[in-house]
Amino acid sequence: MGAQGHIHPFLRGNFAPVEDEHVAVTCTVVHGAIPRALHGGQYIRNGGNPVHPPEAGRHYHWFDGDGMLHGVLFPSDDNGAPVYTNRALATPLLTLTLLSLRSPIPSIALLISPLSSLPAVALAVLQAFAIAVRARMGVLSVANTSVVWWGTGMGSEAAAERAAAAAEAAEAEASEDTQGDDESVRNHRLLATCESGPPLEVRVPGLETVGWDRLADAAGASLKSQSRPGRSWWSRWGLPAVQEDWMTAHPRVDPVDGSFIFYSCQMFDAPHVRYSVIDRHGRHVVWKAGVDVGRAKMMHDFAATRTHTVLLNLPLTLSPANFVSRRPLPLLHFDRALPSEFVVFPRLLRTPSTPHEPVRFVDPEPSLIFHTANAWDEYTPAEDAAGDGVTGRTVIAVNMLGPRFKSAKLVYAAGAVDIPQPEQEAGADDVVRLHYFRFVLPPGYHASPAATDATTASSPARQPTMTGEISHSFPLTAIPFEFPAVSPRRAMQPARFVYGCTMRSGSFDERLGGAAKVDALAKIDVLALVERGRRRGPGKNMTPVDGRTTADILADWVNGNRGDVAVFALPDGMYAQETQFVPVGDDEDDGYLLTYVYDETYLLPDGTPSKAPDAGSELWVIDAKRMGDGMSAVVCRIKLPQRVPYGLHGTYLAPSLSARQRPLAAPLAPQEPLQAKLAKSRLAHFASVLFDRPADRSRTVAERLALCVLWPASIGALALAAAEALGSAARTRNTLAAGIHPGSGTGPAMPLLLGAQQEQTEWAAAFPWPQTVSALLVLALLVGQKVFPAQKAKAD
């Protein structure tokens with residue numbers, strides 16, 4: 001691979017991918033003991049793992065790469081041991097990558113680089129679509145971003161209903177375990193997500209790939225359905241149809257009523273955002289409702305409260321219109337001429353109960369928010385004091401928290417792309433900080449909702465909407481902060497604590513040539529800081545409420561001065577990843593943080609990760625209540641059989657959730673480990689891609705006709721080539737036999753010998769090599785079709 005200095009920074013060290021899969025490998029607890037509250041649960045994290053990383057000099061971005069899950073299943077009792085499993089997600093793109101030994105889709109770095117020419121980008125995009133059509137994949141997703149658990153019957157309200165039903169059944173002696181036998185809730189599943197396709201169902205605890213889940217309802221409507229009214233022929237049959245089943249990588253699940261909330265972005269068709277809500281009974285209560293955001297954007301995340309949704313309509317454009325602008329721009333471009341807009345609307349958008357149109361809140365300064373930490377409703381004071389539920393209370397404002405960048409430097413740095421001069425200037429002192437926004441709903445919002453119908457909702461014309469005021473906008477702390485997490489019980493509500501990743505020095509928008517690494521974790525009392533910040537008065541104030549640095553906070557805790565921020569610093573040379581909070585008690589911070597940790601002293605002198613048996617990562621379990629106390633807060637460390645590359649987002653599954661996993665209609669076919677796939681020849685993979693078809697598809701008429709012609713033609717060509725070769729060999733042999741007379745003194749032996757050699761040369765030159773090789777190749781493909789028949793049963 002060459003010296004580490006010439007490798008992309010996000011393919012170097014522990015960013016480098018792994019090539020081995022481990023299935024249910026027993027791990028060792030090297031420190032402490034696994035808390036009983038985690039028994040039977042499983043921690044799973046997703047991230048990009050390119051099976052064939054690009055060569056030096058080629059485009060790559062941290063957000064690229066084939067999806068791979070890393071999971072640790074905790075034992076069910078004190079006598080068991082944790083087990084580790086990691087699997088590459090078996091997407092069609094993975095198959096194509098293994099075949100071609102390179103990713104068939106363009107890198108994000110190519111799409112965002114100002115140096116990328118229009119022909120190069122257009123060719124790369126068209127090539128990706130052409131490959132998808134030729135291979136009949138249908139989906140261009142690597143499912144490498146996040147994982148979410150969802151199914152009908154989720155949420156605390158559904159749990160209370162099941163408990164009440166179980167109590168009634170027990171009184172009637174009709175069932176001994178109604179909750180466990182309720183088939184209506186046994187359709188939960190783990191979904192791996194990415195913006196460029198539908199969610200991918202994965203089986204737990206083995207992490208086997210099941211197939212694409214397009215979230216169909218009882219009537220058969222799904223993400224692939226094109227049932228929205230008023231659609232043009234271009235929307236139905238053109239490029240927009242390719243994105244019809246795409247979904248955000250960060251859907252939201254309401255912890256109370258179990259609603260599944262998500263959206264999708266459209267590059268080629270307006271309105272460029274389609275918003276959907278599925279209730280806990282599996283009904284599509286809002287389905288692909290159009291929300292106008294002006295130009296097509298890249299929206300990685302959004303926010304949701306118990307009653308409202310917030311879209312982040314920020315200046316990161318992802319639009320083919322960039323190519324035809326007066327000054328041609330990259331396909332993915334941070335347009336500093338655009339403001340930061342936040343679009344707020346009722347969760348049940350344009351339904352009879354909430355027919356309001358979206359309200360738009362504008363901050364003139366361009367900014368970038370990759371992830372939101374939490375959002376919650378704010379009610380009128382009198383009703384807030386009188387009631388304890390949502391019904392009958394009036395929402396006057398929506399509060400939101402999210403790590404905010406004021407430049408797009410991270411987008412470029414994560415791809416090792418030269419940062420444009422405007423972004424360098426705007427981001428000279430940019431530190432991503434946890435930021436607070438308060439969106440005040442306008443006075444007429446509840447009084448006179450706009451009446452719309454489905455046709456209007458899907459119209460590309462911008463809807464007449466209200467504008468609101470951002471009454472407060474300020475950073476809570478001065479420390480860098482990303483990958484936020486809250487207690488899943490308190491999501492979409494006023495959660496007191498937010499957990500996330502930070503660092504003792506630097507920020508997440510590291511300079512070109514470097515890669516940001518997490519050497520500290522933070523716990524922030526956001527409600528206390530929000531209250532302090534709001535006391536400073538309304539408006540936008542970019543001075544952090546808590547102005548201390550990470551070093552200041554660590555020093556204060558050592559001296560006993562505990563404020564509203566706690567920092568857990570890892571030992572030197574050790575780096576963490578995104579954390580997941582697991583609640584175990586009544587107090588909001590009574591729980592554990594789970595994170596993978598890697599010790600970079602295992603790197604070899606040239607920066608290459610060691611493959612020694614003891615050089616793997618660890619899973620740390622940290623007491624969230626005491627995380628400011630340092631290493632004494634680590635209650636357990638589990639040694640893994642290999643390292644876990646620095647990745648993206650994960651989740652924790654309690655055993656009560658995984659017990660409701662939906663049964664499969666048929667057993668899954670055995671899935672080869674990644675190392676076996678990498679060892680296969682190109683020809684085997686070529687035959688697999690060419691001849692395999694998903695179970696629900698068949699060859700087209702044109703393909704069948706072409707194969708019916710090619711098969712006998714190839715056999716005939718091989719027979720003609722063999723006949724020609726045998727004829728040439730026979731003629732040469734006869735010439736030699738007639739012209740060479742050893743020991744006879746008569747006959748021109750030498751001239752005849754020279755003539756025979758000339759005939760041999762002519763025979764070699766005239767041999768039909770192209771016909772023979774091509775015929776053998778086609779026959780090899782026919783053999784490949786017979787050798788790998790089991791792969792035909794795989795779903796796409």
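All values derive from a computational prediction rather than experimental measurement. Numbers here simply count residues along the sequence, with the first being 1.
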| request: Check side chain to side chain contact (heavy atoms under 4.5 Å, CB included) between Ala373 and all other residues, then give those that pass, not counting sequence neighbours. | output: Leu401, Leu434, Pro484, Val498
| field | Check: Trp149/His188 side-chain N/O donor and acceptor closer than 3.5 Å | value | yes
| field | Atom of Leu190, atom of Val147 and distance for their closest heavy-atom approach | value |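 Taking Leu190 first and Val147 second, the nearest heavy atoms are CD1-CB, 3.9 Å.
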| Pair Phe345 + His308: ring centers closer than 6.0 Å | no
| query | What distance separates Phe268 CZ from Ser319 OG, expressed to the nearest 0.5 Å? | reply | 9.0 Å
| In chain order, what residues pass the side-chain hydrogen bond (donor to acceptor under 3.5 Å, both in side chains) check against Gln493, with sequence neighbours excluded? |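 Here no residue qualifies.
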| Qualifying salt bridge (Lys or Arg N to Asp or Glu O under 4.0 Å) pairs with a residue from residues 475-500, counting only residues at least two apart or across chains |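 Only Arg496-Asp525 qualify under salt bridge (Lys or Arg N to Asp or Glu O under 4.0 Å).
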| Can you find a side-chain donor-acceptor pair between Ser146 and Asn46 that sits under 3.5 Å? |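 No, because no side-chain N or O of Ser146 sits under 3.5 Å from a partner of the opposite role on Asn46.
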| query | Hey, does the side chain of His250 reach the backbone of Ala303 with a donor-acceptor pair shorter than 3.5 angstrom? | reply | no
| task | Please determine, by modelled atom types, if His649 and Glu578 share a side-chain donor-acceptor pair under 3.5 angstrom. | result | yes
| said: To the closest 0.5 Å, what do you measure between CG (Asp335) and CG (Leu316)? | reply: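 These two atoms lie 10.0 Å from each other.
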| message | Under a 3.5 Å cutoff, is there a donor and acceptor pairing between the side chains of Asp377 and Thr305? | response |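 Their side chains do contain a donor-acceptor pair, which is all the 3.5 Å distance test asks for.
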| Lys288 (side chain) donor-acceptor with Leu223 (main chain) under 3.5 angstrom | yes
| query | Are Tyr379 and Thr394 close enough that a side-chain donor and a side-chain acceptor fall under 3.5 Å? | reply | no
| message | Once rounded to the nearest 0.5 Å, what's the spacing between atom CG of Leu329 and atom OG1 of Thr317? | response |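 That separation rounds to 7.0 Å.
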List the atom pairs, donor and acceptor, that lie under 3.5 Å between side-chain atoms in residues 466-476 and the rest of the protein, sequence neighbours left out.
unit_1 : atom_1 : unit_2 : atom_2 : d
Ser471 : OG     : Arg438 : NH1    : 2.9
Ser473 : OG     : His435 : NE2    : 2.8

| request: Search all heavy atoms of Gly290 against all heavy atoms of Arg350 and return the closest pair with its distance. | output: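 Result for this residue pair: O-NH1, 2.8 Å.
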| Do Val344 and His356 have side-chain heavy atoms sitting under 4.5 Å apart? |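 Of all side-chain heavy-atom pairs linking His356 with Val344, none is under 4.5 Å.
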| query | With Asp213, which residues qualify under salt bridge (charged side-chain N to carboxylate O under 4.0 Å, His left out), at least two apart? | reply | Arg189, Arg662
| task | Search all heavy atoms of Leu191 against all heavy atoms of Pro199 and return the closest pair with its distance. | result | CB-CB, 3.8 Å
| How would you list, by chain and number, every residue that makes a salt bridge (charged side-chain N to carboxylate O under 4.0 Å, His left out) with Asp254, sequence neighbours excluded? |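 With neighbours one apart ignored, the set is Arg306, Arg347.
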| Looking at CG of Asn322 and CG of Leu331, how far apart are the two atoms once the value is rounded to the nearest 0.5 Å? |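 If I round to the nearest 0.5 Å, the distance is 6.5 Å.
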| Results of salt bridge (charged side-chain N to carboxylate O under 4.0 Å, His left out) for Asp564 - residues two or more places apart only | Arg532
| task | Taking all non-hydrogen atoms of both residues into account, name the closest pair between Ala249 and Cys194 and its distance. | result |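 Scanning both residues, the minimum pair turns out to be CB-CA, 4.0 Å.
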| message | Would you say that Tyr263 contacts Arg274 through its side chain, given a criterion of any heavy-atom pair below 4.5 Å between the two side chains? | response |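 When only atoms from C-beta onward are counted, Arg274 and Tyr263 do not touch, as no gap falls below 4.5 Å.
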| field | Student check: side-chain heavy atoms of Phe342 and Ile369 closer than 4.5 Å | value | yes
| field | Short side-chain donor-acceptor distance under 3.5 Å, Asp430 and Ser407 | value | yes
| Which residues share a side-chain hydrogen bond (donor to acceptor under 3.5 Å, both in side chains) with Ser340, sequence neighbours left out |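 Applying side-chain hydrogen bond (donor to acceptor under 3.5 Å, both in side chains) to Ser340 gives Ser367.
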| said: With side chain to side chain donor-acceptor pair (under 3.5 Å) as the rule and sequence neighbours excluded, what pairs involving residues 395-406 come up? | reply: Glu365-Arg404, Glu378-Asn399, Asn399-Tyr436, Lys406-Asp429
| note | OG1 of Thr248 to CE of Met299, rounded to nearest 0.5 Å, is 10.0 Å
| field | CG on Asp245 to OG on Ser222, rounded to 0.5 Å | value |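 Ser222 OG to Asp245 CG: 8.0 Å, rounded to 0.5 Å.
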| remark: Contacts of Glu423 meeting side-chain hydrogen bond (donor to acceptor under 3.5 Å, both in side chains) (sequence neighbours excluded), chain-then-number -> Arg336
| query | Would a 4.5 Å heavy-atom cut-off, applied to side chains only, mark Pro442 and Val359 as touching? | reply | yes
| field | Non-hydrogen side-chain atoms of Asn144 and Leu89 separated by less than 4.5 Å | value |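 They are not in contact (no side-chain heavy atoms under 4.5 Å apart), so the answer is no.
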| note | Contacts satisfying salt bridge (Lys or Arg N to Asp or Glu O under 4.0 Å) that involve residues 140-161 (not counting sequence neighbours) are Glu157-Arg280, Glu161-Arg280
| Within a strict 4.5 Å, meaning less than it, do heavy atoms of the Leu441 and Phe361 side chains meet? | yes
| query | Among all residues two or more places apart in sequence or in another chain, which pass the salt bridge (charged side-chain N to carboxylate O under 4.0 Å, His left out) test with Arg252? | reply | Asp301
